[in-house]
Amino acid sequence: MAKFNVELKKIVDSSYDIELGYDLSDTLVKDIKNGLLGKIKKFAVVTDDIVEPLYARPIAEKLQSEGYYTKIFSFKNGEKSKVRATKEYIEDSMLESGFRRDCCIIAVGGGVVTDLAGFTAGTFGRGIPFINYATTLLAAADASVGGKTAVDTPLATNLIGLFNQPKKVYIDINAWKTLPPRQLYSGMAETIKHACMADKDFFDFLSENIDKIYSFDKISCEHTAELNCRIKYNVVMKDELESGLREILNLGHTVGRAVETVSDYKLLHGEAVAIGLVAETHLSHKLGYMTADEVQAVENLLVKANLPTKIPDYIDTEELVKKLYTDKKVRDGKLRFVIQKGIGEIVCFGENSYATPIDEQTAREIIIEISK
Ligand code: GLY
């Protein structure tokens with residue numbers, strides 16, 4: 001029989017801009033008019049019910065007044081909406097409203113919205129472009145940049161998804177002012193994670209200026225937004241698909257993601273990451289990579305940032321230990337952790353290897369150590 005080779009070598013350029021600023025809706029509309037999305041004239045604005053009246057509707061109205069066919073697809077705010085059922089609801093609603101392949105999704109909101117909308121864009125009509133308009137510190141610090149898109153499943157967070165890069169990211173610093181305080185603090189956990197893994201000066205800046213950031217001091221917020229972006233995209237540019245280096249962005253997430261799921265999302269993502277960071281600094285200390293003072297400095301900053309540092313008493317230790325195995329870094333059935341080295345660095349365990357196997361009993365002991 002004949003044998004064929006379907007040659008599909010590709011050179012792909014997925015580069016995109018991240019724009020930081022205040023009230024960027026006019027900039028977004030101007031970019032679209034100037035051809036950011038080519039000839040696309042149809043826009044599905046994906047958002048949640050809290051962000052919709054504040055930012056999504058004004059963006060949709062501006063696009064409509066410029067003659068673009070625009071519809072809003074909104075779902076209930078919160079991590080519990082980041083599931084396949086919501087994706088299906090958006091897809092079916094878009095199809096019923098006449099959206100096909102000649103459209104673009106504009107995600108307006110926080111991490112739940114950008115993760116869900118980016119994943120939907122990746123599969124709708126086998127792939128349509130999308131833009132992220134990030135309105136939360138968490139989305140600015142992490143979710144909107146880097147192209148990780150996903151939904152949660154009953155087993156754990158982010159298990160089903162795609163690497164799918166947006167066409168542009170807008171980070172609206174003004175929007176942080178409308179965040180409920182807990183959400184702002186939650187975003188700060190990913191910011192502190194960035195400082196812990198890559199930048200001691202940024203860690204010191206956060207330790208000295210957290211109150212200024214929380215009172216929306218312009219210079220402090222801009223510096224925070226800029227540093228977050230720079231740290232994140234420098235990792236993503238080197239390892240988009242997480243074949244090695246990108247695992248460092250998982251600092252605090254092995255315990256963090258597990259505790260978030262086991263709490264049944266009573267803990268916000270950043271709150272869970274804060275607890276995960278404490279767990280992983282304790283582990284780092286145990287392995288000899290952090291001094292007791294450095295561990296304390298991380299905990300002090302998290303406390304200053306109004307973030308939890310202990311595993312709540314309603315979390316069952318054994319359920320949490322079991323949940324650790326849902327982590328994507330698990331290899332050959334073994335737990336693997338990213339380990340912080342002092343403050344501002346991550347331990348490299350060999351060529352392109354940034355996570356190390358940790359036995360279950362050690363993980364259990366750390367969890368017990370930081371439980372209430
Ligand atoms: N949130 C971790 C990453 O983007 O890789």
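Numbering of residues begins at 1 and proceeds along the displayed sequence. Atoms within a ligand are numbered from 1 in the order they appear, just like the ligands themselves.
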**Request:** Could you list all the salt bridge (charged side-chain N to carboxylate O under 4.0 Å, His left out) pairs where at least one residue sits in residues 262-285, not counting sequence neighbours?
**Result:** Lys80-Asp264, Arg182-Glu271
Side chains of residues 100-110: which donor-acceptor pairs under 3.5 Å do they make with residues two or more places apart or in other chains?
unit_1: Arg100; atom_1: NH1; unit_2: Leu95; atom_2: O; d: 3.0
unit_1: Arg101; atom_1: NE; unit_2: Gly125; atom_2: O; d: 2.8

**Asked** Which residue pairs pass the salt bridge (charged side-chain N to carboxylate O under 4.0 Å, His left out) test when at least one of the two sits in residues 310-320, sequence neighbours left out?
**Response** Glu318-Arg364
**Request:** Determine, for Glu226 against Arg230, whether the closest basic-nitrogen to carboxylate-oxygen distance falls under 4.0 angstrom.
**Result:** yes
**Prompt:** When you check the side-chain N and O atoms of Glu360 and Tyr325, is any donor under 3.5 Å from an acceptor?
**Reply:** yes
Pairwise, report which nitrogen or oxygen atoms of ligand 1 are under 3.5 angstrom from protein nitrogen or oxygen atoms, and how far apart they are.
unit_1: ligand 1; atom_1: 1 (N); unit_2: Asp142; atom_2: OD1; d: 3.0
unit_1: ligand 1; atom_1: 1 (N); unit_2: Asp142; atom_2: OD2; d: 3.0
unit_1: ligand 1; atom_1: 4 (O); unit_2: Lys232; atom_2: NZ; d: 2.7
unit_1: ligand 1; atom_1: 4 (O); unit_2: Arg246; atom_2: NH2; d: 2.8
unit_1: ligand 1; atom_1: 5 (O); unit_2: Lys148; atom_2: NZ; d: 2.9
unit_1: ligand 1; atom_1: 5 (O); unit_2: Arg246; atom_2: NE; d: 2.7
unit_1: ligand 1; atom_1: 5 (O); unit_2: Arg246; atom_2: NH2; d: 3.4

**Request:** Compute the centroid of each ring, for Phe99 and then for Phe73, and state whether the two points are separated by less than 6.0 Å.
**Result:** yes
